[in-house]
Structure formats: structure tokens, C-alpha cells
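What follows is a short report on a single structure.
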Amino acid sequence: MFQPLQRLQPDSILGLMAKFRADSAAMKVDLGVGVYRDPDGHTPVLDCVRQAERQMLAEQTTKAYVGAAGREEFNQGVEELVLGATHAARRAGRVRTVQAPGGCGALRVGAELIRAAAPDSVVHVSDPTWGNHLPLLGNSGLRLERYPYYDAGHHALRFEAMLERLDRAAPGDTVLIHACCHNPSGADLDPPQWRTLVELLARRRLVPYLDLAYQGFGEGLEADAEPVRLVAERLPEALIAVSFSKNLGLYRERVGALLVVSDGAERADAVHSHVLQIARGIYSMPPDHGAAIAARIFTDMPLRQAWKLELDAMRMRINGMRDLLARELRAATGDDSFDFIRSQRGMFSLLGVSAPTVERLRERHHIYMTADSRMNLAGIMQHNAAYVAAAVATELAAQAA
Ligand SMILES: Cc1ncc(COP(=O)(O)O)c(C=O)c1O
């Protein structure tokens, strides 16, 4: 049976992690894997999570099955966090939510839903996008196409080209959009651009599939949700995949959710029945531990307030490191071409250098980033920013010579 199967290349990010671990150089810098790091380089368990977990374990009386939709109080908490307590789409019964195993699980369930409803439709994904979007959506059998989004060489959004391409998409197609903190570019649409895009989606009858994996890392929990709220208000249908891996630091617990917005309450119920059947057919039901912790944080005011402060601190640290690296790059290169890092948001930016330069940064300077030159800014520390900037300047100068 297994004879036809040839060994595959390891996932590029996992391969990079292995190389980093094997590197014995003291000055090595990990800008690769997408996890938050504190000033000491650790990916901490948030205090609010520790507290909620202790309370939850003390009160837990059963480990019986939870059901394909997961915890209802978690799902309601997610809707409230993402759409707000009084959003019209919620009041109209147009939104149904299921808990999912991480943002990835949510993305895949949503893809299966699209395939069930519109098997011949196309999903348009941004160029560039997060690498895992391609298998998560494409392996469900849907056809993927790319729309222009960001020019890494010029460090600029390609908004006009994006609109022009989407204006030619077929009605009923899906458009996958990063709701905030675009991965890998860190370049987001501003509010007027979001409004223009949403009008285009409405006019062309395109269905947005929003990926919200970094709520709170852009401008804050409320501001980062604004595009999602606009979409759910203005458009009849939408899918929203949410991840709590980063903003609650619950990575390995696999906490996520899929919100589906339909054009009426009755349709929302019908769609929900399909979502439940899809989940049942893949993993039966989502893991409970992390969602139970998250639900407690969403609903307990002191815990929620503590979470907000911890999340604010994570965002501020990353923005501080953006600032520091941009300053060091300006000092090392003598020009301002890396100032864009300062204005971008979320964990990532694209340095905008070639794959051979990325390789030289790794081989000669022990600085690790993905081949597209994506940097996790949380990997920058006070002690390594000048080192990284000097290495980049050295390699760019060598390349120019
Ligand atoms: C853009 C984007 N979407 C979704 C996810 C899903 O994350 P998880 O499945 O770990 O919750 C990630 C994680 O890196 C991401 O970067």
C-alpha cells in the first residue's frame, strides 16, 4: 500500500526550526517561527491563562464529550469579542459559531463548507499569504487563485491591483482576507480601503472569508475587529476563522472558532447543520481544555481586564522592537529604506531581500527567517537588534558590490 509514497520535503518552517536548534552559535537569532517572545526570548503562559486554568480545573466535574459545536459559552464569548455585544447581524440571528481546533481547524471547516455549498467556486487568496492557507483551503478540493496584495521589493500594498483583480472574480467566489496583521507582510488596509473593498465585494457578490488570527496585535482588541464588524453588517454572507493561539498564547491547546454569517436566521440554522456535520466528519468535536480557559477569561471581568493588559503589553513590545530595528537598520545602512517596518503591524514584516540573501544571513550570521524574508519581530530583542541590522547591511553591501 505505501510503496508509491516517496518521502516529502519537511514543512519549510519546521525544517527551519530544526536547523535553528542544531546551530550551536551563541549569537543565533530566531526570526522564523511565528510565536510571541518576551524580552528574554520566552513564549510565556499568560498570567490570566494560569489563573483561569486553576479555577477551571478546581471546578471541573466531568470530561464527558462536549459535542461538535464545542462549548456554547465559548462560542458566545467569541461572537461578542469579534462582533461586539450588540451587532445587528447577531441580533438578527444571522451568525452561527462553532468552536474549532485552532484557527487552522476553523479554516479547514470553512473550506469544506464552501465546497459543500459551491464546489466549483474559486477561493482568491492574497499574494503573498501565509503558506498554510494553501493546503488548508486547497486540500478540500477548492480551486485557489491569487490576487495582488503586497509588493515586497517596494514595501507597499498593491491596493489598486487588488481591486482590479477582484473586480474580475466570478460572483459567488470567496475572497480570503487577513482581518488584521497580514501574515507575512504586516501591511493592512486602512479604514477607507476596507470600506472600498467591502463595497466591491457587495457589488460583485463575492463572499469574504476573514482570517482573524491576531486580534489585539494590530491596534487593540476593538479596533482590530472593526473590519469584521463592517463586513458582517454590510454583506449578506461571510465566513470568519478566529484563532486564540497568539492573543491568548494558547498555541498548543488548539483554540479557535468559525463564525458563519448568513442572509437570514433560517438559512443560518441550515448552514450551521452542515458545519456540525463537517466537524463531526473530520475530528468529531474540538478539544475542550483551552476553550474552557478562554471562555472563563471572556466572561470573568477581572480576568478579561488582566488579559487586555497582557495583550497590550505584547503588542507594545512588538511595536517597540519594530521601532528599534528600523532605527538600527537606518544607522547600519545609512538610509531610511527600512522605515516601513515601523508602520507595519502584527508579528511579521518582509525584509524584502532575495532568498540567497536570506540564506547568507543564516549561513554567515546565524539569523533565521523564512525564504521569503519574513521576520518575526518578536524575535528581536534589545541585545540583538544592532547585530541583525549590521548583518543585513553587510549582506546588502556585499550584494551591491
Ligand atoms: C494568518 C494565520 N491564520 C491562521 C493561523 C492559525 O493558527 P492556529 O491554528 O495555530 O490557531 C495562523 C497561525 O500562525 C496564522 O498566521
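Numbering of ligands and ligand atoms starts at 1, following listing order. This chain uses plain numbering: 1 for the first residue, then up along the sequence. The figures here come from the full heavy-atom set of this structure, side chains too, leaving out hydrogens, waters and symmetry mates.
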Could R304 and E80 be called an ion pair, given the rule that one side-chain N must be under 4.0 Å from one carboxylate O?
yes

So, taking the atom named NE2 in H272 and the one named OG in S262, what distance separates them when rounded to the nearest 0.5 Å?
10.5 Å

Could you tell me how the ring of F338 sits relative to the ring of F340: parallel (under 30°), tilted (30 to 60°) or perpendicular (over 60°)?
tilted

Close N/O pairs between ligand 1 and protein, under 3.5 Å:
residue  : atom   : partner : partner atom : Å
ligand 1 : 3 (N)  : D211    : OD1          : 3.2
ligand 1 : 3 (N)  : D211    : OD2          : 2.6
ligand 1 : 9 (O)  : G103    : N            : 3.2
ligand 1 : 9 (O)  : C104    : N            : 2.8
ligand 1 : 9 (O)  : R254    : NH2          : 2.7
ligand 1 : 10 (O) : S245    : OG           : 3.0
ligand 1 : 10 (O) : R254    : NH1          : 3.0
ligand 1 : 11 (O) : G103    : N            : 2.7
ligand 1 : 11 (O) : S243    : OG           : 2.6
ligand 1 : 11 (O) : S245    : OG           : 2.6
ligand 1 : 14 (O) : K246    : NZ           : 2.9
ligand 1 : 16 (O) : N183    : ND2          : 2.8
ligand 1 : 16 (O) : Y214    : OH           : 2.7

Aromatic plane relationship, Y149 with H178 - under 30° parallel, 30 to 60° tilted, over 60° perpendicular:
parallel

Crowding at CD, E363 (>12 non-hydrogen neighbours, <6.0 Å):
yes

Give a yes or no on whether R267 atom CZ has more than 12 heavy-atom contacts from other residues, nucleotides or ligands under 6.0 Å away.
no

